[in-house]
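One structure is given below, encoded as structure tokens.
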Amino acid sequence: MSAEIIVVTSGKGGVGKTTTSASLATGLAMAGKKVAVIDFDVGLRNLDLIMGCERRVVYDFVNVVHGEATIKQALIKDKRHENLFVLAASQTRDKDALTQEGVEKVLDDLSNDGFDFVVCDSPAGIEKGAHLAMYFADHAVVVVNPEVSSVRDSDRILGLLASKTRRAERGESGITQHLLLTRYNPARVAIGEMLSVKDVEEILGITVVGVIPESENVLAASNAGVPVILDENSHAGQAYRDTVARILGEARPLRFTEVAKKGFLQRVFGG
Amino acid sequence: MGILDFLKRKPEPTATVAKERLRIIVAQERSTRGAPDYLPLMRNELLEVIKKYVNVDLDAININVERDSGHEVLELSVALPDGKAASTP
Ligand SMILES: Nc1ncnc2c1ncn2[C@@H]1O[C@H](COP(=O)(O)OP(=O)(O)OP(=O)(O)O)[C@@H](O)[C@H]1O
Ligand SMILES: [Mg+2]
């Protein structure tokens with residue numbers, strides 16, 4: 001069995017790719033899968049902080065690609081899940097440090113090491129880094145915010161996924177595309193200030209695999225270096241759990257997409 | 001519609017405006033996807049020429065590149081406004 005490669009991508013920057021990669025990888029590990037999550041953002045290492053392993057980075061992705069370290073040496077084992085590993089991005093300013101052959105070799109090695117999933121956290125944009133992150137993918141999670149520029153960019157990314165990947169070039173069955181709507185604010189949608197789930201689905205012609213609400217718990221989680229999916233009390237964490245389950249094939253209804261109705265006690269006593 | 005109705009009319013929700021704008025731009029960008037880079041520029045220049053004769057805007061011009069064995073066909077269609085040609089120069 002070879003590893004399934006999942007790219008988390010978006011086009012536009014700052015929409016929640018790294019937040020999603022960390023939670024997706026953790027969620028897959030919680031489901032018992034052996035998972036590696038790779039930071040493709042050369043020069044702007046971030047995933048290590050969100051995963052909470054920044055002080056244990058010795059070797060990085062570029063070291064492995066250049067043969068300066070083995071993949072085993074560079075993989076950082078997660079503190080919480082023994083079947084979860086992080087491969088940090090290099091801090092080099094050389095944007096050409098990654099090559100297609102180098103990336104392919106790393107992915108093949110992970111596959112041979114018995115990994116079930118490799119999650120690739122793409123950099124923003126549609127340049128080389130983003131291209132390399134998506135090229136070998138079997139699945140894509142396209143992260144989109146309910147906002148005009150993000151929606152437009154995700155449409156471009158969907159187009160690139162359908163044409164500029166190894167699967168597309170070889171004429172194999174296409175990448176499975178999952179649209180993930182994040183930073184969703186049902187209250188603003190209700191008063192017509194924000195695009196709704198349905199609006200985004202209609203514009204892009206694809207249904208969402210999940211909706212992650214805008215949540216203050218995301219910042220708290222990144223402050224602590226704990227992927228928000230582990231915060232089981234937060235709506236964002238629960239929405240990520242649902243999303244991972246759907247990606248693994250389970251049917252679950254969307255939650256947290258409507259304005260929360262106040263409970264009986266809250267209505268009586270306020271709050 | 002009375003003046004009161006006019007005053008009471010709410011502005012269109014911004015999300016509706018956003019959706020409409022996205023619908024148009026996404027359709028436009030999809031139609032030229034994978035096509036040569038000069039296409040958007042050519043489309044604008046064509047618009048300038050067409051505008052000399054008919055009053056249309058960019059959305060009215062549809063460009064499609066079709067590929068079939070060996071050659072490419074550039075398909076251009078212009079939706080004319082109902083019966084209103086621009087005043088002849
Ligand atoms: N659901 C959410 N609710 C609130 N804040 C969020 C949510 N998702 C992401 N954020 C915040 O948005 C910011 C950007 O998130 P993140 O770094 O994951 O985006 P990115 O797409 O990886 O960015 P880049 O393109 O720079 O790599 C962070 O400050 C993060 O805490
Ligand atoms: Mg990021």
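Every chain is numbered from 1, with letters handed out A, B, ... down the list of sequences. As a basis for the values below, the full set of heavy atoms in this structure was taken, side chains included, without hydrogen atoms, waters or symmetry mates.
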| task | Between chain B and each of A/Leu204, A/Leu160, A/Val189, A/Ile191, count heavy-atom pairs under 4.5 Å; write down the option with the most. | result | A/Leu204
| Do other residues, nucleotides or ligands put more than 12 heavy atoms under 6.0 Å from B/Arg21 CZ? | no
| request: State, to 0.1 Å, how close B/Pro13 and A/Gly192 come at their nearest heavy-atom pair, and which atoms those are. | output: CB-O, 3.5 Å
| query | Between atom CD1 of B/Ile24 and atom CD1 of A/Ile203, what is the distance when rounded to the nearest 0.5 Å? | reply | 11.0 Å
| field | Stepwise side-chain contact (heavy atoms from CB on, under 4.5 Å) check, A/Leu195 with B/Leu22 | value | CA-CA 11 Å; A/Leu195 292 166; B/Leu22 278 167; 3.7 Å; yes
| said: Taking atom NZ as the centre, does A/Lys128 end up with more than 12 heavy-atom neighbours from other residues, nucleotides or ligands that are less than 6.0 angstrom away? | reply: yes
| task | May I ask you to say whether A/Arg156 pairs ionically with B/Glu29, meaning some side-chain N is under 4.0 Å from a carboxylate O? | result | no
| request: Evaluate side-chain contact (heavy atoms from CB on, under 4.5 Å) for A/Glu202 paired with B/Arg23, printing each intermediate quantity in order. | output: CA-CA 9 Å; A/Glu202 276 175 24; B/Arg23 208 183 49 71; over 6 Å; no
| Within 6.0 Å of CD in A/Glu250, more than 12 heavy atoms from elsewhere | yes
| task | Tell me, yes or no, whether the heavy-atom count around A/Arg241 atom CZ, taken from other residues, nucleotides or ligands under 6.0 Å, exceeds 12. | result | yes
| request: Please report the closest heavy-atom contact between B/Ala15 and A/Glu193, naming both atoms and the distance. | output: CB-C, 4.2 Å
| field | Heavy atoms of other groups near A/Glu169 CD, more than 12 under 6.0 Å | value | yes
| For chain B, the option from A/Val151, A/Asp155, A/Leu158 that forms the most heavy-atom pairs under 4.5 Å | A/Asp155
